Amino acid sequence: MKEMADSLKQNALPGVLSLHAYTPGMPIDELQRRLGIKDVLKLASNENPLGASAKVRAAVAAAAGELNLGLYPDGSGYALKAAIGRYHDIAPEQITLGNGSNDILEFLSRIYAGPGRAVMYSDFAFAVYALATQAQNAEAVVVPSYPANHPTMPYGHDLDAFARVLKTRPDASLVFIANPNNPTGTWNTPQQIERFLDAVPPQVIVALDEAYYDYQDVELRSNARGWLDRYPNLLVCRTFSKIYGLAGLRVGYALSHPTVADLLNRVRQPFNNNTLALIAAEAALADQQHVRVSVDLNARERLRLPPLLAKLGLSHLPSQANFLTIDFGRNAAPIHQGLLERGIIVRPMGSYGLPNFLRVTLGTESENQRFMAALRDVLGA
Ligand SMILES: *Cc1c(COP(=O)(O)O)cnc(C)c1O
């Protein structure tokens, strides 16, 4: 057996062999199966607690009834790209659709990462950057984050350090920045990002991952559209998985220079978005009222919870996203387990090197009340 496993791995690329598969938030079914709990609340994957808007669900239902599912989807994503183009005031030639924005991150690594090339990202950044880098056998240059005791942005991306490290790495081909970052919730100001972009040589591609863009306070939102004209090496990633509530359908997109979009298109599989996903995303983009309602709910809950956590003696990392990463000051695994036993799934942070933290997606007001009650119970407070 051992010998067979060895030969099956013998020709696998070293980067792939060194990978640990991404651990997603536990699915609701799994907790139901494992503990026999019926009423499970999942606050583990930063999904929109309101789900997709009613208009999107109606559009999908109508389409599903009429469509010939035997036909391939529109591989060019013509209608969705046109809608995204209008939304951002950008040409369709500068838009690439992905099967989730995760797809885009992988296209980038396939184009720009490989042996002899360095890919840069922050400590405590989104796990997919490390996976995409390693799978391509490229060198990961992990820039230290701001320290845990930083006065305003503990564990945040230190973009001045990025710029300093970049000067020593002529082999750098790709930089990933998550803003706001997952799993920390921390952010960089538009001024910090712009200062970094000014320092980056033109052949280094900067991927600015804005999965949580809409959740930010208005004054912190980047002007990525304006930057694209000034920085041809910038690529901006957005997703329909978070604020639009379409995580189950897998749609994300990149805005970039047409030359980069052309390269992305070469590595993209021809039909990477399915027909229903294309229809749903277009309907979601058209329903900005649902975005506003979702943003407002999140902003309210993001303000409401911290004082309640403080009453329990708990702090959390600064967040401009739809989750709070809570510091328990000790190994949080037993607390994670206690919450599971009460039917609540949150995200442990041990795999990110933050074993004392749990990341909790902000739910609806009543969901968050249930979470807080369970947390008090677990802590014996
Ligand atoms: C959730 C998330 C994504 C988006 O993932 P999809 O593949 O679009 O579902 C991308 N980047 C970050 C930082 C995220 O947290």
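For reference, positions follow the sequence shown, starting with 1. For clarity, every value in this text was computed on a predicted model and none was experimentally measured. Both counts, for ligands and for their atoms, begin at 1 and track the order of listing.
- Only one option out of Phe124, Tyr155, Phe328 pairs with Phe357 in a ring pair (Phe, Tyr, Trp, His ring centres under 6.0 Å); it is Tyr155.
- Every residue meeting the side-chain hydrogen bond (donor to acceptor under 3.5 Å, both in side chains) condition with Arg268, not counting sequence neighbours, appears here in chain and number order: Asn265, Asn272.
- Protein residues having a heavy atom under 4.0 Å from any atom of ligand 1 are Gly100, Ser101, Asn102, Phe126, Asn182, Asp209, Ala211, Tyr212, Thr239, Ser241, Lys242, Arg250, listed by chain and number.
- Arg230 pairs by the side-chain hydrogen bond (donor to acceptor under 3.5 Å, both in side chains) definition with Glu194, not counting sequence neighbours.
- Across every non-hydrogen atom of His257 and Pro232, the tightest pair is CB-O, 3.4 Å.
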Got a list of side-chain donor-acceptor pairs under 3.5 Å for residues 75-86, not counting sequence neighbours?
| from | atom 1 | to | atom 2 | distance (Å) |
| --- | --- | --- | --- | --- |
| Ser76 | OG | Asp74 | OD1 | 2.8 |
| Ser76 | OG | Asp74 | OD2 | 3.3 |
| Ser76 | OG | Tyr78 | N | 3.3 |

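- Separation of the His157 and Phe176 ring centroids does not fall under the 6.0 Å cut-off.
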